[in-house]
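Contents: one structure, followed by commentary.
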Amino acid sequence: MKTIIVTGGAGYIGSHTLIELLNNTDYNIVSIDNFSNSSVASYDRVKKLVSRPFQTFNIDLCNENDLRLQLSGLTNIEGVIHFAAFKSVPDSVADPVLYYFNNINSLNNLLKFSKEKQIRNFIFSSSCSVYGNADELPVTEDTPLKKAESPYGHTKQIGEEIIRFFCASNPWLNAVILRYFNPVGAHMSGLTGELPVTKPNNLAPIITQTALGKNTLTVFGSDYNTRDGYCVRDYIHVTDIADAHIKALHYLTEHRNKKSVSLYNLGTGNGVSVLEVIQSFEKVSGKKLNYGVGPRREGDVVAVYANNSLAKEELGWSPQYSLDDMMLSAWKWQLTIEKGG
Ligand code: UD1
């Protein structure tokens, strides 16, 4: 049986992708995580939503020798889906070196390992943060990349370049780079979702915690040059993101890719303001959110949303879930956590 390695499989997007891989493909699935911002409980939740087993390894990808040693017995590896990375914009501003060290070294080690094992297919988690403050919206994959607004975004720009150069010098390797816009929501069952070890600083978990009085939502800036003064993002359901990885994997393994490195925007195409997210949450949960408005957050871009035509045409992917679905699933998951989830 052919194997797919998923790095960061205990994390937010990784765990949702494990579910889709296990339910919709026949591959042997191997997950690597070092639980730096997740826990083994994430695997237990995945197990409840799938009907077959998967292998797990506790590996820090920055430790090249440990990676090689622990995975030495793996053969017939068809592809790697690389999620494992630090992902907080504000944390990256506070500690840039940590972000450069972790996100770049882990990618380099994984590419070296892929070369040693002659793994032909590589899928990389990138981000819309690579666009910086783009001159024109929506952004297409050809939109010129501006200066990254945060070290996090810069590590994604560098990661994309590393993959491009690596593929150019190793023609047997094919890669898909997926630029996620803002993944939110949880599995529609409400049985699993985002559960970072550290305090969340993404909007959706802060909203759901605030609704229960466990956090305080401060909206970062209401004086932006947008239609209602609030930052605009393209929120996309995490299961839609997970599904795109299955489509990208098939795209590579069926040799439908025209280039050695293919690049896709994963967003809904809708620019949504922070206020509109709050309103959607209040509608689906029936809860009034008690929030305040504070100053702008360093590292935030003003507005970004996707043109997703290329992913639709070439991968055959299309987002299925609405903003209300995203908020409702996030809320169901928060209630599951409250019950000891
Ligand atoms: C960024 C990336 C995204 C990546 C994510 C990972 C951009 C444009 N997007 O998302 O691709 O997946 O990091 O973490 O760089 N907000 C508040 N109050 C809060 C928290 C957030 O008002 O307490 C606002 C932010 O200002 C922003 C929006 O909510 O406008 C979303 O913020 P967040 O969820 O942190 O994601 P991004 O930083 O946009």
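Nothing fancy with the numbering, it's 1 onward along the sequence.
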Inset, instruction - Assess whether side-chain contact (heavy atoms from CB on, under 4.5 Å) is satisfied between Thr25 and Leu21, documenting all intermediate values. - result: CA-CA 5 Å; Thr25 75; Leu21 281 167; 4.2 Å; yes

Inset, instruction - Could you walk me through whether Tyr12 and Phe83 pass ring pair (Phe, Tyr, Trp, His ring centres under 6.0 Å), step by step? - result: CA-CA 9 Å; Tyr12 175 41; Phe83 293 105; over 10 Å; no

Inset, instruction - Report the C-alpha separation of His245 and Tyr180 in whole Å, then their side-chain angles, then the decisive distance to 0.1 Å, and conclude whether the ring pair (Phe, Tyr, Trp, His ring centres under 6.0 Å) test is met. - result: CA-CA 11 Å; His245 292 78; Tyr180 313 150; 5.5 Å; yes

Inset, instruction - Would you check, one step at a time, whether the test salt bridge (charged side-chain N to carboxylate O under 4.0 Å, His left out) holds for Glu314 with Lys258? - result: CA-CA 10 Å; Glu314 297 191 356; Lys258 299 174 199 95; 3.3 Å; yes

Legend entry - Stepwise side chain to side chain donor-acceptor pair (under 3.5 Å) check, Ser31 with Tyr43: CA-CA 9 Å; Ser31 175; Tyr43 288 144; 2.8 Å; yes

Legend entry - Asn201 vs Ser88, side chain to side chain donor-acceptor pair (under 3.5 Å): CA-CA, chis, key distance, verdict: CA-CA 7 Å; Asn201 45 36; Ser88 161; 3.1 Å; yes

Legend entry - Verdict with supporting geometry, Glu276 and Arg227, salt bridge (charged side-chain N to carboxylate O under 4.0 Å, His left out): CA-CA 11 Å; Glu276 288 161 342; Arg227 58 175 175 266; 2.8 Å; yes

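Here the OH atom belonging to Tyr321 is positioned 5.5 Å from the OG1 atom belonging to Thr239, to the nearest 0.5 angstrom. The CG atom of Leu178 lies 11.5 Å from the CZ atom of Phe181; values are rounded to the nearest 0.5 Å. Note: Ser126 OG to Leu266 CG = 10.0 Å, rounded to the nearest 0.5 Å. With values rounded to the nearest 0.5 angstrom, Asn121 atom CG is found 9.5 Å from Ile119 atom CD1. Atoms CD and CD1, from Glu78 and Ile5 in turn, are 11.5 Å apart once rounded to the nearest 0.5 Å. With values rounded to the nearest 0.5 angstrom, Lys199 atom NZ is found 7.5 Å from Gln209 atom CD.
Other residues, nucleotides and ligands contribute at most 12 non-hydrogen atoms within 6.0 Å of the CD atom of Glu136. Counting non-hydrogen atoms of other residues, nucleotides and ligands closer than 6.0 Å to CG of Asn225 gives a total of 12 or fewer. The 12-atom threshold is not exceeded at CD of Glu298, counting heavy atoms of other residues, nucleotides or ligands nearer than 6.0 Å. Within a 6.0 Å sphere centred on CG of Asn290, heavy atoms belonging to other residues, nucleotides or ligands number 12 at most.
Taking the six-membered ring where tryptophan is involved, the planes of Trp331 and Phe281 are perpendicular, since the angle between them exceeds 60° and thus also 30°.
No hydrogens or angles considered: a donor-acceptor pair under 3.5 Å links the side chains of Ser273 and Asp228. Defined by atom type and a distance below 3.5 Å, a donor-acceptor pair is present between the side-chain atoms of Glu338 and Gln334. Asp234 and Thr268 share a side-chain donor-acceptor pair at under 3.5 Å. With 3.5 Å as the limit, one finds a donor-acceptor pair spanning the side chains of Tyr100 and His154. Side chain to side chain, His187 and Thr192 fail the donor-acceptor criterion of an N or O pair below 3.5 Å. Side-chain atoms of Asn174 and Ser260 include no donor-acceptor pair closer than 3.5 Å. At a cut-off of 3.5 Å, with distance as the only test, no side-chain donor of Asn307 or Thr140 sits close to an acceptor on the other residue. Remark: the Asn257 side chain and the Ser262 side chain contain no N/O donor-acceptor pair separated by less than 3.5 Å.
Counting heavy atoms from C-beta on, the side chains of Leu252 and Phe122 never come closer than 4.5 Å. Residues Ile177 and Tyr264 are not in side-chain contact: their nearest non-hydrogen atoms beyond the backbone lie 4.5 Å or more apart. Between Val272 and Leu323 there is a side-chain heavy-atom pair separated by less than 4.5 Å. You'll find the side chain of Phe86 stays beyond 4.5 Å of the side chain of Asn37, heavy atoms only. Annotation: side chain of Val30 is in contact with side chain of Phe57 (closest heavy-atom distance under 4.5 Å). Side chains of Asn170 and Lys115 form a contact here, defined as non-hydrogen atoms less than 4.5 Å apart. Residues Asp33 and Asn58 form no side-chain contact, since every pair of their non-hydrogen atoms from C-beta on lies 4.5 Å or further apart. Side-chain atoms of Ile32 and Leu67, non-hydrogen and from C-beta on, do get closer than 4.5 Å to each other.
The two atoms that bring Lys332 and Ser189 nearest to each other are CE-O, 4.1 Å, heavy atoms only. Nearest heavy atoms, Thr216 versus Ile206: O-CG2, 4.3 Å. For the pair Val93 and Gly299, the tightest heavy-atom approach, listed with the atom from each and the gap, is CG2-CA, 4.5 Å. Closest approach of Leu74 and Gln55 over heavy atoms only: CD2-OE1, 4.3 Å. Nearest heavy atoms, Gly185 versus Ser329: CA-OG, 3.6 Å. Nearest heavy atom pair, residue Leu18 against residue Ile29, reads CD2-CG2, 3.5 Å.
Between the side chain of Asn133 and the backbone N or O of Val302, at least one donor-acceptor pair lies under 3.5 Å. At least one donor-acceptor pair closer than 3.5 Å links the side chain of Glu282 to the backbone N or O of Leu289. Looking at Ser39, its side chain never comes within 3.5 Å of a backbone N or O of Phe35 through a donor-acceptor pair. Remark: side-chain polar atoms of Asn23 are paired, donor with acceptor, to backbone N or O of Leu49 under 3.5 angstrom. At distances below 3.5 Å, not a single donor-acceptor pair connects side-chain atoms of Asn202 with backbone N or O atoms of Ala204. The main-chain N or O of Leu315 is never found under 3.5 Å from a side-chain atom of Lys247 such that the two would form a donor-acceptor pair. Panel note: side chain His237, backbone Ala186; a donor-acceptor pair is recorded below 3.5 Å. In terms of modelled atom types and a separation under 3.5 Å, the side chain of Asp325 and the main chain of Ser322 share a donor-acceptor contact. Side chain of Asn102 to backbone of Leu98: no donor-acceptor contact under 3.5 angstrom is found. For Asp66 (side chain) and Ile59 (main-chain N/O), no donor-acceptor pair under 3.5 Å exists by modelled atom type.
Salt bridge status for Arg52 with Asp26: absent, with no side-chain N to carboxylate O gap under 4.0 Å. Comment: Arg68 engages Glu64 in a salt bridge, judged by a side-chain N to carboxylate O separation of less than 4.0 angstrom. Under a 4.0 Å N-O distance rule, the pair Lys146/Asp135 qualifies as a salt bridge.
Judged by the 6.0 Å and 45° rule, Arg296 forms a cation-pi pair with Tyr224. In this structure, Arg179 forms a cation-pi arrangement with Tyr131, its terminal cationic atom sitting closer than 6.0 Å to the ring centre and no more than 45° off the ring axis.
Residues Val261 and Ile123 fall into different hydrophobic clusters, defined by Ile, Leu, Val, Met, Phe, Trp and Tyr side chains chained together at heavy-atom separations under 4.5 Å.
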